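Naming convention: chains lettered A, B, ... in sequence-line order (proteins, then strands); numbering from 1 in each chain. Note that this is a predicted model, so its numbers are computed, not measured.
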Amino acid sequence: MSNLLDLVVSGLGTGAIYALAAIGFTLLWQTSQTINFAQGEFVMLPAFLMLAVMRAGAPFWLAILIGVALSAALLGLAFKRLLVDPMLRHGVLPLAIATMALSIALKESVKTFYSAEAQPFPSIAPSGSLSIFGASVSLQSLCVFAFGVVVVVALNLFLDRTSTGRQMQAAAQNPTVARIIGIPVERMVTLTFVINAVLVALASLLVTPIYLAKFSSGETLGVAAFVAAIVGGFNQVRGALVGGLLIGVVDNLAAAYVSTQYRAAVPLALLIVVILFRPQGLMGRAEERTV
Amino acid sequence: MRMIAAAGLGLLALAFATSSRAQDIQIADVAELSGGGATVGTNWKNGIDLAVEEINAAGGILGHTIVVTHADSQSNPGVARAQVQKALDSNPYVLLGPGYSGSVKATAPLAADAGVTQIMGGEAAELTRMGDKFLFRTSFGQQSTMPKVAKYMADEMKAKAVAVVWVNNDFGKGGREAIEKALKDLGVEVVADISTEAGQVDFAADVEKVKASNADAAFVYLNEDESARILKEFKRQNVTVPLMGETTLVGQKVIELAGDAANGARAHVGLTTDAPVDAVHAFRDRFVKKYNYVPDHNGLKGYLAIQMVKAATEKMGKLDPKGIADALRGLTIKAADDPGILMDVSFDENGDIDREGFLVEVVDGKQVIKQILPKLH
């Protein structure tokens with residue numbers, strides 16, 4: 001029993017990592033109909049920005065602040081102005097392909113300017129473990145999980161209960177009508193990108209001590225997060241959390257009770273089942289579009 | 001008239017330049033410079049560049065300058081094959097790389113067909129069993145190391161039941177096959193056979209399986225980053241079963257990444273910059289000075305690949321690309337005569353290597369050599 005609990009808790013920890021990255025997918029889709037295939041690299045990059053600041057002699061806390069600020073500027077504002085704006089007018093597909101190119105560019109830049117080697121990264125979470133019903137729970141994983149839950153709750157409250165959040169949703173659902181009723185659509189969309197950039201920087205801070213700072217660490221994370229977002233529901237922030245946690249737990253249980261060799265196939269099988277029987281995702285809502 | 005004379009001089013200069021270029025030793029390297037194997041490929045490339053710089057500074061090979069071109073396999077066997085074909089089209093003196101066994105397997109037939117000697121970093125046992133007369137290793141193959149590892153586990157660790165944890169790629173599959181055979185030959189039972197994925201983050205289920213198997217020891221055969229993660233997971237789950245591995249389990253980077261969790265891990269190491277050999281320490285110092293980090297065994301492999309080219313060419317006494325493979329087969333290079341080779345090494349008919357090896361344990365975050373395994377011949 002403690003083994004099962006251990007596997008579930010550990011899966012929740014890994015799932016929370018996927019969820020943190022998946023939130024970005026849902027957030028950008030929900031508010032600006034953008035799919036960012038560089039999301040995994042967006043989680044990878046801020047850790048290197050912080051490491052670079054620390055290498056210059058700054059203490060960790062200052063590196064965090066600068067890393068978050070740089071992330072907001074580069075992965076939020078610059079990403080929106082230099083890549084999304086010029087590409088989005090050509091449709092979602094060209095933008096999706098452009099973000100794939102961005103993902104390669106980010107990976108290779110980090111490798112060239114930093115190193116191909118994985119780097120250790122300091123943890124803001126305590127490194128010990130808790131024993132819960134005989135299962136050993138990593139405090140780092142617990143912090144990631146708690147952060148994921150807080151982010152989802154806070155974002156849902158922000159989007160549903162605040163004027164700015166509702167304006168952001170209106171801007172995403174129908175930009176033309178939103179403009180007519182006086183919503184600053186451009187500002188709302190930019191704000192979404194900045195929020196995503198700050199969130200990935202915080203996710204990077206929590207995830208990198210577990211993943212290690214490596215130029216390629218976003219590859220696996222990006223794919224897992226994308227699957228998690230689809231399974232949970234691409235148009236719901238809380239769907240990202242549910243999808244991420246589910247994928248993390250299913251992956252662990254599949255490895256333990258089905259086969260370690262086919263563990264990677266089980267989440268993908270889950271993805272296929274969800275697409276076939278509930279294409280809007282477990283927590284998503286069906287959308288209809290005029291064509 | 002002046003213009004004609006100038007054009008004539010220009011042509012003469014071009015011809016002279018082309019002729020001097022022809023005297024250079026053109027070596028092609030195809031390595032994992034991006035993708036999942038970038039750590040391997042970058043170390044390999046840096047080792048090569050350091051050796052080339054040193055040899056050229058000392059007058060080159062038989063007075064000829066070495067010129068290396070590096071190509072990126074992107075850690076993908078298909079891309080590696082295309083890059084090797086491109087490299088072979090330029091008639092290189094020798095082909096270096098790739099480092100991944102899967103990429104070596106995909107590219108070796110091309111080099112063999114072209115009659116170009118390929119010196120590579122792959123360790124899968126099958127590579128030198130394909131009957132390829134142009135393929136040479138820079139490190140031990142799994143068929144050489146695994147019997148030693150199995151013997152150590154049976155004799156020194158007194159293991160009767162072993163759990164084998166391996167990474168599901170060509171490197172891991174070859175290692176798993178070789179260690180399980182070697183353990184069974186010694187009467188040691190393999191009680192758990194656990195496959196993992198490259199890039200895997202969560203090893204909770206795998207460690208649970210090791211625990212549930214009641215093994216006396218676990219053999220862990222993963223790439224570096226994953227080795228660090230599984231070591232942390234073993235520590236988190238308070239698993240005290242002795243851990244044994246190969247070079248990747250106790251590499252410098254793994255120790256740095258895993259921290260305390262690496263303590264107690266043991267491994268057979270063919271090449272390590274912590275080897276108790278002065279020449280290896282001097283190499284490490286020069287590498288650190290140039291690149292500002294401590295190389296792993298792949299840095300040593302790249303360095304030694306160039307030294308192998310030098311030794312074989314000097315043995316022939318002339319630049320003969322077709323003769324390199326013959327010169328290397330059966331060759332013993334002594335560090336006393338050729339300090340660049342760092343440790344005495346011999347090559348057999350299959351391109352396999354014979355050299356001193358080390359049994360290492362991580363103690364207080366440092367590799368400690370527990371046993372030196374002498375050359376077999």
Side-chain angles (χ1 to χ4, degrees), chain A residues 2-4 6-15 17-18 104 107-108 110-112 115-121 127-129 131 135-141 207 209-217 219-221 223-224 248-249 251-264, chain B residues 32-43 45-46 72 74-75 165-166 168 192-209 211-212 223-226 228-229 232-233 235-239 251-261 291-296:
Chain A
S2 75
N3 284 0
L4 176 65
D6 214 355
L7 290 171
V8 171
V9 170
S10 169
L12 288 175
T14 309
I17 294 175
Y18 300 155
I104 296 170
K107 272 188 290 193
E108 295 306 312
V110 167
K111 183 168 78 69
T112 304
S115 160
E117 302 264 347
Q119 312 287 327
F121 189 83
S127 59
S129 295
S131 182
S136 168
V137 184
S138 152
L139 288 173
Q140 281 185 346
S141 298
V207 165
I210 301 166
Y211 257 76
L212 307 172
K214 188 170 180 178
F215 75 99
S216 58
S217 64
E219 288 171 5
T220 323
L221 183 57
V223 174
V249 172
D251 180 55
N252 254 5
L253 295 180
Y257 300 117
V258 182
S259 157
T260 46
Q261 274 180 282
Y262 292 101
R263 69 185 299 169
Chain B
E32 292 76 9
L33 300 177
S34 66
T39 308
V40 173
T42 306
N43 270 287
K45 173 187 175 290
N46 289 345
D72 182 9
Q74 298 173 23
S75 308
V165 186
W166 51 284
N168 192 6
D193 177 65
I194 302 164
S195 155
T196 68
E197 295 299 321
Q200 189 173 318
V201 177
D202 189 349
F203 285 93
D206 312 277
V207 172
E208 283 287 352
K209 283 197 158 185
K211 268 201 299 191
N223 297 118
E224 280 87 348
D225 298 354
E226 291 77 18
R229 292 187 188 120
K232 284 182 170 182
E233 187 61 30
K235 187 177 181 217
R236 190 183 73 78
Q237 293 196 28
N238 296 317
V239 177
Q252 291 295 334
K253 200 72 208 177
V254 176
I255 295 172
E256 183 189 344
L257 297 173
D260 286 354
Y291 299 109
N292 204 27
Y293 75 95
V294 177
D296 66 7

Mind checking whether [X] and [Y] have side chains closer than 4.5 Å, heavy atoms only?
{"X": "A:Leu12", "Y": "A:Val249", "answer": "yes"}
{"X": "B:Asp193", "Y": "B:Trp166", "answer": "yes"}
{"X": "A:Leu212", "Y": "A:Phe121", "answer": "no"}
{"X": "A:Ile17", "Y": "A:Ile210", "answer": "yes"}
{"X": "A:Val258", "Y": "A:Leu253", "answer": "no"}

Based on non-hydrogen pairs under 4.5 Å, which of [options] is most in contact with chain A?
{"options": "B:Lys232, B:Arg236, B:Gln200, B:Lys211", "value": "B:Arg236"}
{"options": "B:Asp202, B:Leu257, B:Thr39", "value": "B:Asp202"}
{"options": "B:Asp296, B:Asp225, B:Asn43", "value": "B:Asp225"}

Please look at [X] and chain A and tell me whether the side chain, the backbone, both or neither of the residue comes under 4.5 angstrom of a heavy atom of that chain.
{"X": "B:Thr42", "answer": "side chain"}
{"X": "B:Arg229", "answer": "side chain"}
{"X": "B:Asn238", "answer": "neither"}
{"X": "B:Phe203", "answer": "neither"}
{"X": "B:Lys235", "answer": "neither"}
{"X": "B:Glu224", "answer": "neither"}

I'd like to verify something: which residue of A:Ser216, A:Ala118, A:Gly13 has the highest number of heavy-atom pairs under 4.5 Å with chain B?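 Looking at each of A:Ser216, A:Ala118, A:Gly13 in turn, A:Ala118 comes out on top.
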Which pairs with one or both residues in residues 251-261 of chain B pass salt bridge (Lys or Arg N to Asp or Glu O under 4.0 Å), sequence neighbours excluded?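 Qualifying pairs, neighbours excluded: B:Lys253-B:Glu256.
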Applying side chain to side chain donor-acceptor pair (under 3.5 Å) between A:Arg263 and each of B:Asn168, B:Thr196, B:Asp206, report the one that passes.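 That would be B:Asp206; it is the only one of B:Asn168, B:Thr196, B:Asp206 passing the side chain to side chain donor-acceptor pair (under 3.5 Å) with A:Arg263.
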Given heavy-atom pairs under 4.5 angstrom as the criterion, report whether the side chain, backbone, both or neither of A:Lys214 touches chain B.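 For A:Lys214, the side chain is the part near chain B, not the backbone.
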